[in-house]
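Encoded as structure tokens, the structure appears first; notes follow it.
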Amino acid sequence: MEVNVDQVRPRLRGDVYVMRVPEGAYIRSNLGGSILKGASTYEWIQRIAPLLDGTKTLGELCASVPESSRAALAKLVLVLLGKGYVKNALEDRPHTLTAELTKAYAANIAFIEYFTDSPELRFEGYRDSRVVLAGSGPLLQALTNSQLRAGVRTCVLAPFAESPFDRDRVAEHLAAAQEQDPQQRIGYLDANAERLDLVAADADMVLHVTDRPMVERARLLPAAAVAAGAAFAQAVVAGDEAWIGPVIGKNDDPTAWESAWRRLCALTFDLAGADLADHPEAAPSEFLRGPTVALVANQLCFAAFRHLVGIDQGAGADRLVRFDLETLETATHAFQPHPLALPAVPDDPARLAALAAAAPVDDEELARRAVDCVDPRTGLFAEVTERDYEQLPLFVSEVLVSDPVGLAGGPFPVHGCGDSVIESRQRAVRHAFERYAAVMVDSRKGDRLTGLDVRTGEPVAVDAAQVFPARTAASGSDWPEAVRAAVVAAATEGVAAALSTATDPLPRLDLDGAELTERAARYRKLLEIVEESFEVHDLSALLGLPTFAFTTPQGTVAYTSDLEVCVALEQGLEQTLLAYQSRSADQPGYAPAPVPELPEHLRGETAARPVSVTLDEVVARLAGDGGRVVAVPLDHDPALARLCPFVVRAVVVHG
């Protein structure tokens with residue numbers, strides 16, 4: 001394919017390095033490396049490199065060499081162009097930067113060039129941006145220095161009063177910067193916490209730094225910036241960590257920082273500033289001094305630079321960078337929007353119709369989706385792990401669940417077990433979604449929530465206090481399966497009350513005559529191998545569905561229920577085996593949750609003959625005379641509802 005040499009103005013990228021090798025020349029940049037063969041290739045590149053500055057077309061370059069060399073020159077330049085080591089400067093948009101400024105900020109321009117086009121023009125736009133630097137103390141001083149070195153023509157400062165701010169030191173930074181760039185200036189604004197709109201007025205971007213958790217200001221400033229048509233980013237120090245970002249574009253959601261902070265506090269509930277208030281009395285970290293101050297400021301400046309020159313436009317609004325002030329380690333943390341950071345959304349009955357028609361989400365798909373929820377500091381879940389748990393005879397996994405609105409007393413673990421690590425993880429993830437949904441209540445939705453009558457499918461309003469915080473929550477791969485599980489869970493809630501009123505001994509089940517699933521039979525055999533004795537008593541007559549108490553010499557292990565006898569027995573045998581494993585390995589963390597003890601006087605000897613029941617039969621018994629069983633979706637967190645839509649609590653209402 002022929003190339004019009006007058007339509008190519010080659011410019012060698014600033015990050016290109018060339019080395020002689022036996023085959024010819026090894027050329028490398030941030031894009032990678034290549035070997036260009038030919039005995040004279042290295043010399044050719046060395047000779048033409050100074051000419052590849054984007055000021056001449058390829059035709060003009062060819063005209064400057066002997067005719068016998070023109071074809072070779074054109075071929076070499078086009079090879080470099082094709083591999084990305086040379087750019088066609090003719091495609092760049094014009095700029096008005098002087099040669100002096102282009103040279104002074106060559107490294108900044110080369111960085112932009114690596115990612116996008118028209119680097120000089122983009123840098124010129126950055127230079128002319130009105131960037132307001134708000135905050136206090138040495139961090140604000142260091143941020144000013146970083147911005148001056150990055151090339152902003154005018155820095156506008158808005159110092160707040162919680163930390164001493166040294167204007168003389170800032171003047172020294174300006175004087176040093178003006179030696180290279182005499183046009184640079186510094187201006188000042190009156191920083192008024194009651195009028196943050198004045199801080200953001202006329203800004204292209206607002207950067208905020210604080211050496212202590214001034215959380216209320218950090219929450220309000222993004223909205224003020226976006227309302228003024230400005231982008232926003234900040235660095236907030238809490239304890240011995242600095243949290244940098246997210247970068248919020250002028251058209252982005254200004255609640256992103258608050259979401260990130262609420263997610264952080266949901267996993268670090270004792271964090272200073274978890275109350276969302278300013279804490280000017282908090283002492284700055286002992287590690288926030290000298291180089292660490294500059295490093296935090298530089299990271300924020302760099303994030304702002306990338307955004308304003310167009311490298312990270314449309315990205316970064318759901319990422320937060322953690323900077324450890326003691327170790328200097330950094331890590332990026334993704335987060336989901338937090339419901340309480342978003343505007344209140346009333347309970348919408350229309351969503352119920354969509355649930356019944358929604359596509360199924362099986363365990364495998366749910367586990368894949370859970371990846372978006374896992375982050376050790378800002379996730380709905382901190383981690384999915386097996387820890388050092390014993391993995392025989394059952395595999396055991398754990399998920400650490402965040403406490404999104406403070407109802408659970410802090411983050412808490414949930415567990416899943418199974419015949420493989422895949423199954424145990426999938427079960428743990430599903431339980432984690434259920435437990436998270438059970439404690440995630442948005443009280444702004446009001447005192448009444450809407451669910452569906454399980455029998456008629458009609459919308460029914462119920463008291464929110466009956467639903468949250470949910471003692472039981474169930475889920476399924478689709479709406480009918482979730483409702484079935486929720487009804488069974490609601491029926492099982494009545495075990496303690498039923499036992500308190502029971503008088504007749506409960507029949508004992510002989511598993512030799514029971515119909516067991518293949519898995520249940522395997523669990524029974526494993527219990528025999530480990531010599532774990534147990535008894536099963538039938539509570540079905542008390543609760544109206546197959547319900548069994550599993551007891552061992554150590555006490556009652558579990559009460560399990562289901563519409564089908566074989567499923568309830570499988571669950572009970574699994575819990576009994578898990579209890580044995582937990583006890584023998586001295587790992588109580590994943591032991592089955594404590595349940596009421598089955599009284600000795602209720603442990604009968606007569607044979608039990610349990611039978612399976614239908615969902616309608618269980619619903620009728622729960623509802624009693626004039627009641628209704630209502631399935632209420634636990635969807636107060638839109639992020640969770642999107643990923644795991646079928647989490648339900650069943651409640652009984654009357655009237």
Side-chain angles (χ1 to χ4, degrees), residues 266-269 362-403 408-439 472-475 517-534 550-560 567 569-595 644:
L267 282 171
T268 315
F269 63 94
D362 61 18
D363 287 346
E364 184 177 352
E365 174 61 20
L366 189 62
R368 280 196 295 267
R369 294 184 178 191
V371 172
D372 294 335
C373 301
V374 178
D375 186 279
R377 300 300 300 275
T378 57
L380 276 67
F381 314 134
E383 60 181 349
V384 182
T385 179
E386 283 67 54
R387 297 201 180 280
D388 59 349
Y389 291 150
E390 177 65 50
Q391 300 296 314
L392 283 173
L394 293 172
F395 287 87
V396 179
S397 298
E398 177 181 293
V399 179
L400 185 63
V401 182
S402 69
D403 183 12
F412 55 93
V414 300
H415 301 89
C417 64
D419 288 342
S420 68
V421 69
I422 293 176
E423 183 177 50
S424 69
R425 283 196 159 215
Q426 288 177 348
R427 286 182 169 185
V429 164
R430 183 168 289 281
H431 294 160
F433 275 115
E434 293 169 353
R435 292 289 302 280
Y436 175 91
V439 296
T472 60
S475 67
T517 65
E518 180 180 345
R519 184 189 293 247
R522 184 167 68 253
Y523 288 160
R524 184 189 180 194
K525 183 65 176 178
L526 287 170
L527 287 166
E528 291 176 358
I529 291 173
V530 299
E531 299 181 344
E532 176 74 345
S533 61
F534 65 94
F550 286 77
T551 61
T552 68
Q554 288 74 35
T556 304
V557 172
Y559 296 94
T560 58
V567 174
L569 290 175
E570 179 185 304
Q571 293 172 352
L573 288 165
E574 183 176 80
Q575 292 296 292
T576 305
L577 187 60
L578 184 66
Y580 162 80
Q581 180 173 321
S582 168
R583 187 179 69 254
S584 63
D586 193 21
Q587 295 176 337
Y590 58 82
V595 295
C644 182

Nearest-0.5 Å distance that lies between atom [atom1] in [X] and atom [atom2] in [Y]:
X: Leu267; Y: Leu400; atom1: CG; atom2: CG; value: 6.0 Å
X: Ser402; Y: Arg377; atom1: OG; atom2: CZ; value: 13.0 Å
X: Glu574; Y: Leu569; atom1: CD; atom2: CG; value: 13.0 Å
X: Tyr523; Y: Asp419; atom1: OH; atom2: CG; value: 4.0 Å
X: Leu573; Y: Arg519; atom1: CG; atom2: CZ; value: 12.0 Å
X: Arg522; Y: Thr517; atom1: CZ; atom2: OG1; value: 8.0 Å

Enclosure of Glu528 CD (heavy-atom neighbours >12, cutoff 6.0 Å):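 It does: Glu528 CD has more than 12 such atoms within range.
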Could you check Gln554, Gln575, Glu532, Glu531 and say which one makes a side-chain contact (heavy atoms from CB on, under 4.5 Å) with Tyr580?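 With Tyr580 as partner, Gln554, Gln575, Glu532, Glu531 yield a single side-chain contact (heavy atoms from CB on, under 4.5 Å), made by Glu532.
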Checking Cys644 against Tyr436 for the side-chain contact (heavy atoms from CB on, under 4.5 Å) test, could you report, in this order, the C-alpha distance in whole Å, the side-chain angles of both residues, the deciding distance, and whether it holds? CA-CA 11 Å; Cys644 182; Tyr436 175 91; over 6 Å; no
Can you give me the closest heavy-atom contact between [X] and [Y], atom names plus distance?
X: Val439; Y: Ala408; value: CG1-CB, 4.4 Å
X: Val396; Y: Gln391; value: N-OE1, 2.9 Å
X: Phe534; Y: Leu527; value: CE2-CD1, 3.6 Å
X: Val429; Y: Ala367; value: CG1-CA, 4.3 Å
X: Arg430; Y: Asp362; value: NH2-C, 3.9 Å
X: Tyr590; Y: Ala585; value: OH-CB, 4.0 Å

Ignoring hydrogens and angles, write down the donor-acceptor pairs under 3.5 Å from the side chains of residues 410-418, residues two or more places apart or on other chains.
from   : atom 1 : to     : atom 2 : distance (Å)
His415 : NE2    : Tyr389 : OH     : 3.4
His415 : NE2    : Glu398 : OE1    : 2.9

side-chain contact (heavy atoms from CB on, under 4.5 Å) for Asp403 and Phe269? Distances and angles first, verdict last. CA-CA 8 Å; Asp403 183 12; Phe269 63 94; 5.9 Å; no
Show the numbers, then the answer: is there a side-chain hydrogen bond (donor to acceptor under 3.5 Å, both in side chains) between Glu386 and Ser397? CA-CA 5 Å; Glu386 283 67 54; Ser397 298; 2.6 Å; yes
List the steps and the verdict of side-chain contact (heavy atoms from CB on, under 4.5 Å) for Arg435 and Val399. CA-CA 11 Å; Arg435 292 289 302 280; Val399 179; over 6 Å; no
Starting from the C-alpha separation in whole Å, work towards a yes-or-no answer on side-chain contact (heavy atoms from CB on, under 4.5 Å) for Val557 and Leu578. CA-CA 9 Å; Val557 172; Leu578 184 66; over 6 Å; no
Quick check against the 3.5 Å criterion: does Glu390 have a side-chain atom that pairs as donor or acceptor with the backbone of Gln587? no
